[in-house]
Amino acid sequence: QVQLVESGGGLVQPGGSLRLSCAASGFGLGYFAIGWFRQVAGEEREGVSCVRTGGGVTYYTDSVKGRFTISRDNAKNTVYLQMNSLKPEDTAVYYCALASPQYCTGSEISPDGYNYWGQGTQVTVSS
């Protein structure tokens, strides 16, 4: 069974931090690029970050550069999103997804090409 499970979301105050995890089961994620996306109710899903198979090539949407860090531990079959200096506008449901490496580029972080998705974890940034 192929499954992705996000965890680590919650309620934090502005300026706080969270680390999201994306754990894979039923397959090894080492051959995939991993993307983190977020979605606010009524809005389109937004690409936040992605990482290539080896972990050395990463991309971020402009709004999170310098605050978020994506990483992967293929031995643990897990990808992380460290989120620092959180802002209210970061509030969303965050999803991880898998794609072929060609879909993780600097030009865009698009849901297109991501074949497997988790169920999401809620991140709320509010005072």
Side-chain angles (χ1 to χ4, degrees):
Q1 183 178 7
V2 176
Q3 188 175 27
L4 294 173
V5 179
E6 300 95 337
S7 63
L11 174 64
V12 297
Q13 295 185 352
S17 298
L18 287 172
R19 188 178 75 161
L20 306 184
S21 297
C22 175
S25 62
F27 66 99
L29 53 72
Y31 295 102
F32 295 89
I34 310 298
W36 281 98
F37 300 82
R38 64 188 181 187
Q39 188 168 26
V40 178
E43 303 291 334
E44 294 185 353
R45 192 163 297 184
E46 175 191 20
V48 176
S49 180
C50 67
V51 57
R52 294 282 188 93
T53 55
V57 180
T58 60
Y59 298 99
Y60 301 88
T61 191
D62 287 344
S63 63
V64 308
K65 287 180 179 177
R67 299 189 298 119
F68 291 11
T69 303
I70 190 171
S71 62
R72 64 190 300 161
D73 187 338
N74 289 340
K76 295 182 178 179
N77 229 23
T78 302
V79 176
Y80 306 96
L81 185 68
Q82 179 67 47
M83 306 186 296
N84 299 325
S85 302
L86 284 162
K87 304 175 181 180
E89 51 263 43
D90 295 318
T91 296
V93 177
Y94 283 71
Y95 302 87
C96 66
L98 278 61
S100 297
Q102 67 191 81
Y103 291 100
C104 179
T105 70
S107 61
E108 64 175 347
I109 306 172
S110 172
D112 295 345
Y114 285 81
N115 305 117
Y116 300 97
W117 294 80
Q119 294 300 307
T121 185
Q122 176 70 50
V123 172
T124 302
V125 185
S126 177
S127 60

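Count residues from 1 along the sequence.
- Without hydrogens or angle criteria, Thr124 side chain to Thr91 main chain gives no donor-acceptor distance under 3.5 Å.
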Can you list, pair by pair, the side-chain donor-acceptor contacts under 3.5 Å of residues 93-100, counting residues two or more places apart and other chains?
from: Tyr94; atom 1: OH; to: Arg38; atom 2: NH1; distance (Å): 2.9
from: Tyr94; atom 1: OH; to: Asp90; atom 2: O; distance (Å): 2.6

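- Heavy-atom neighbours of Glu44 CD from other residues, nucleotides or ligands within 6.0 Å: at or below the threshold of 12.
- For Phe37 and Trp117, the distance between ring centers is under 6.0 angstrom.
- Residues passing the side-chain hydrogen bond (donor to acceptor under 3.5 Å, both in side chains) test with Ser7: none are found, sequence neighbours excluded.
- The side-chain hydrogen bond (donor to acceptor under 3.5 Å, both in side chains) search around Thr105 returns Ser107, not counting sequence neighbours.
- Applying the salt bridge (charged side-chain N to carboxylate O under 4.0 Å, His left out) definition to pairs two or more places apart or across chains, none involves residues 99-108.
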Please tabulate, for the side chains in residues 48-57, all donor-acceptor contacts under 3.5 angstrom to protein atoms that are two or more places apart in sequence or on a different chain.
from: Ser49; atom 1: OG; to: Tyr59; atom 2: O; distance (Å): 2.9
from: Arg52; atom 1: NE; to: Pro101; atom 2: O; distance (Å): 3.1
from: Arg52; atom 1: NE; to: Cys104; atom 2: O; distance (Å): 2.7
from: Arg52; atom 1: NH2; to: Cys104; atom 2: O; distance (Å): 3.1

Please tabulate, one pair per line, all N/O donor-acceptor pairs under 3.5 Å involving side-chain atoms of residues 10-32, not counting sequence neighbours.
from: Ser17; atom 1: OG; to: Asn84; atom 2: OD1; distance (Å): 2.9

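- Other residues sharing the hydrophobic cluster of Tyr80, ordered by chain and number and joined by side-chain separations under 4.5 Å: none, the residue standing alone.
- Sorted pairs that involve residues 71-89 and meet salt bridge (charged side-chain N to carboxylate O under 4.0 Å, His left out), not counting sequence neighbours, are lacking altogether.
- Listed by chain and residue number, Tyr60, Gln82 satisfy the side chain to side chain contact (heavy atoms under 4.5 Å, CB included) test with Thr69 (two or more places apart in sequence, or in another chain).
- Scored by the side-chain hydrogen bond (donor to acceptor under 3.5 Å, both in side chains) test, Gln39 finds Arg45 as partners (sequence neighbours excluded).
- With values rounded to the nearest 0.5 angstrom, Asn74 atom CG is found 8.0 Å from Ile34 atom CD1.
- Under the 4.5 Å side-chain heavy-atom criterion for ILVMFWY residues, no single connected hydrophobic cluster contains both Val79 and Tyr103.
- Taken together through direct or relayed side-chain contacts under 4.5 Å among Ile, Leu, Val, Met, Phe, Trp and Tyr, Phe68 and Ile109 form parts of separate hydrophobic clusters.
- Gln119 contributes no side-chain N or O that, together with a main-chain N or O of Glu6, makes up a donor-acceptor pair within less than 3.5 Å.
- Residues meeting the salt bridge (Lys or Arg N to Asp or Glu O under 4.0 Å) test with Asp112, sequence neighbours left out: none.
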